[in-house]
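Since the model is a prediction, treat every value here as computed from it, not as a measurement.
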Amino acid sequence: MSTLLRSECIRCLTEKQLSSLPKDAREEQKLEFLQKMCGILSAAPRDVCSPVILHQINELRREIFGSVHDYAEEKSYYNHLLLKKEQGIREKIHAAEDSLLTAMQFSLVGNYIDFSAVENVEEEYLEKLLKEVEKSCVTGDAWDRLKHDLGSLRNLLFLTDNAGEGVLDKLFLEVIREYYPHLNVKVMVRGESVLNDMTMEDATEIGLQDVAEVYDNGNGIAGTWLPELSPQAKTIWEEADVIIAKGQGNYETLRLCGENIYFIFLCKCEMFCRNFQVPQYTGVMVHGEDEKRK
């Protein structure tokens with residue numbers, strides 16, 4: 001992935017917009033939207049990524065159609081579904097031989113709950129991933145390095161991805177704080193509603209503030225795009241010694257940022273599976289330094 005912008009991402013963005021045009025929109029509105037969307041895509045520089053372009057397209061949708069798809073129902077459903085499972089998963093984590101690894105694995109498989117990258121999120125398949133969580137064994141240099149950093153550094157910033165998934169992130173953070181009580185832990189969510197990504201409303205709904213200080217990043221980009229961070233979010237970013245970033249969106253927006261950052265996600269898109277040479281829904285952990293060397 002030598003550039004941030006990829007042809008597959010443009011194709012995917014285009015296909016999803018074509019398949020989700022409002023059925024009650026007038027022909028003139030559809031034509032205007034598609035022409036202006038093509039303008040956004042053709043003008044996009046190579047050093048931006050699909051989450052940033054999607055944000056521009058969503059602004060265009062609001063301008064022409066009055067709204068974008070609202071995932072509030074899906075987010076609330078999966079927040080409550082995982083909250084029902086929370087205590088049982090917590091018990092499995094603490095009964096495990098390596099609670100930190102197991103907590104990370106649960107957090108990792110929760111990344112499946114992605115209504116952008118997964119065509120049909122299936123509760124049954126999520127349940128399968130949760131039952132077979134030990135198969136999501138992400139170990140090696142990045143995992144060992146993360147544990148070292150958590151033990152030796154002071155300020156951890158955790159970047160969330162999707163709602164529902166956040167319950168499992170919360171459990172991971174609980175265990176991190178048990179293992180490394182010296183850490184100052186902060187969590188960052190999206191500043192505006194976008195796709196089914198975590199916002200402050202979702203964080204409050206699942207009690208994320210009980211395990212860490214929670215802040216929003218000040219914008220509605222489906223990732224963490226540094227040029228658009230709010231002043232407060234930028235300060236928090238600059239204070240972090242170590243960063244854990246969940247999800248493909250955070251990877252896309254931050255993979256070349258040069259910080260001490262660990263990306264944790266499931267490879268859901270064909271492009272990700274090909275680049276990491278793994279089957280779909282395989283878990284990956286990679287350090288940002290490794291990405292900069294590519």
Original post:
Within the side chain of S19, is there an N or O that forms a donor-acceptor pair under 3.5 Å with the backbone of E15?
Top reply: yes
Original post:
Do other residues, nucleotides or ligands put more than 12 heavy atoms under 6.0 Å from the CD atom of E28?
Top reply: yes
Original post:
Would a distance-only check, ignoring hydrogens and angles, find a side-chain to backbone donor-acceptor pair under 3.5 Å from N260 to V242?
Top reply: no
**OP:** Measure across E134 and Q105 and return the closest heavy-atom pair with its distance rounded to 0.1 Å.
**Re:** O-NE2, 3.7 Å
Original post:
Just by distance, do the side chain of Q29 and the backbone of R26 share a donor-acceptor pair under 3.5 Å?
Top reply: yes
Subject >> Side-chain heavy atoms of M188 within contact of F158, under 4.5 Å >> reply: no
**OP:** Decide, yes or no, whether a salt bridge links E124 with K128 under the criterion of side-chain N to carboxylate O below 4.0 Å.
**Re:** no
Original post:
Short question: side chain of N162, backbone of E165 - any donor-acceptor pair under 3.5 Å?
Top reply: no
Subject >> Single-linkage hydrophobic cluster, 4.5 Å side-chain cutoff, I57 and L21 together >> reply: yes
**OP:** Please check if any side-chain donor atom of E74 sits under 3.5 Å from a side-chain acceptor atom of N196, or the reverse.
**Re:** no
Subject >> From N58 atom CG to E192 atom CD, the distance as rounded to the nearest 0.5 Å >> reply: 10.5 Å
Subject >> Partners meeting salt bridge (charged side-chain N to carboxylate O under 4.0 Å, His left out) with K234 (sequence neighbours left out) >> reply: none
Subject >> From F263 atom CZ to K246 atom NZ, the distance as rounded to the nearest 0.5 Å >> reply: 13.5 Å
Original post:
When rounded to the nearest 0.5 angstrom, what distance separates CE in M200 from CD in Q209?
Top reply: 7.5 Å
Original post:
Any side-chain heavy-atom pair from L171 and V175 closer than 4.5 angstrom?
Top reply: no
**OP:** Tell me, yes or no, whether the heavy-atom count around E270 atom CD, taken from other residues, nucleotides or ligands under 6.0 Å, exceeds 12.
**Re:** no
Original post:
Among the clusters formed by ILVMFWY side chains lying less than 4.5 Å apart, do V194 and I64 turn up in the same one?
Top reply: yes
Subject >> No-hydrogen, no-angle side-chain donor-acceptor test under 3.5 Å, E123 and Y77 >> reply: yes
Original post:
Hey, do the aromatic rings of Y78 and H80 have their centres closer than 6.0 Å?
Top reply: no
**OP:** Among E86, K84, K85, find the one that has a side-chain contact (heavy atoms from CB on, under 4.5 Å) with V167.
**Re:** E86
Original post:
Linking I/L/V/M/F/W/Y whenever any side-chain heavy atoms sit under 4.5 Å apart, do L54 and L41 land together?
Top reply: yes
Original post:
For S107 and D169, does a side-chain donor sit closer than 3.5 Å to a side-chain acceptor?
Top reply: yes
Original post:
In terms of the angle between their ring planes, are F276 and F265 parallel, tilted or perpendicular, with boundaries placed at 30° and 60°?
Top reply: perpendicular
**OP:** Check whether any side-chain N or O of K75 sits under 3.5 Å from a backbone N or O of D197 as a donor-acceptor pair, and report yes or no.
**Re:** yes
Original post:
Within a radius of less than 6.0 Å around CD of Q87, do more than 12 heavy atoms belonging to other residues, nucleotides or ligands occur?
Top reply: yes
**OP:** Identify whether I236 and L226 are in the same connected component of the hydrophobic contact network (ILVMFWY, side-chain heavy atoms under 4.5 Å).
**Re:** yes
**OP:** Keeping the roles fixed (side chain from T282, backbone from V278), state whether a donor-acceptor pair exists under 3.5 Å.
**Re:** no
**OP:** Could you check if a side-chain atom of L208 sits within less than 4.5 angstrom of a side-chain atom of D210, using non-hydrogen atoms only?
**Re:** no
Original post:
So, does Q280 use its side chain to make a donor-acceptor pair with the main chain of K268 at under 3.5 Å?
Top reply: yes
**OP:** For atom CD of Q17, decide whether the heavy atoms of other residues, nucleotides or ligands shown that lie under 6.0 angstrom number more than 12.
**Re:** yes
**OP:** Check whether any side-chain N or O of N79 sits under 3.5 Å from a backbone N or O of A163 as a donor-acceptor pair, and report yes or no.
**Re:** no
**OP:** Examine distances only and state if a side-chain atom of N250 and a backbone atom of T160 form a donor-acceptor pair shorter than 3.5 Å.
**Re:** yes
Subject >> Pair T199, D202: side-chain N/O donor-acceptor within cut-off below 3.5 Å >> reply: yes
Original post:
Do F33 and F65 have ring centroids that are under 6.0 Å from one another?
Top reply: yes
Original post:
Is I40 linked to V68 within one hydrophobic cluster, defined over Ile, Leu, Val, Met, Phe, Trp and Tyr using a side-chain heavy-atom separation of less than 4.5 Å?
Top reply: no
Original post:
What's the spacing between L229 CG and T224 OG1 if we round to 0.5 Å?
Top reply: 7.0 Å
Original post:
So with a 6.0 Å cut-off around NE2 of H69, is the heavy-atom count from everything else above 12?
Top reply: yes
Original post:
Mind checking whether C269 and E8 have side chains closer than 4.5 Å, heavy atoms only?
Top reply: no
Original post:
Hey, are Y262 and D149 close enough side-chain-wise for a donor-acceptor pair under 3.5 Å?
Top reply: yes
Subject >> Donor-acceptor contact present, side-chain K36 to main-chain L60, <3.5 Å >> reply: no
Original post:
Is any NZ, NE, NH1 or NH2 atom of the basic residue among R62 and E59 found under 4.0 Å from an Asp or Glu carboxylate oxygen of the other?
Top reply: yes
**OP:** Report yes if some heavy atom in the side chain of W237 is under 4.5 Å from a heavy atom in the side chain of I243; otherwise report no.
**Re:** yes
**OP:** Determine, for E132 against K135, whether the closest basic-nitrogen to carboxylate-oxygen distance falls under 4.0 angstrom.
**Re:** yes
Original post:
Which class fits the ring pair Y125 and Y281: parallel under 30°, tilted 30 to 60°, perpendicular over 60°?
Top reply: tilted
Original post:
Using a distance-only test with no angle check, is there a side-chain donor-acceptor pair under 3.5 angstrom linking Y71 and E73?
Top reply: no
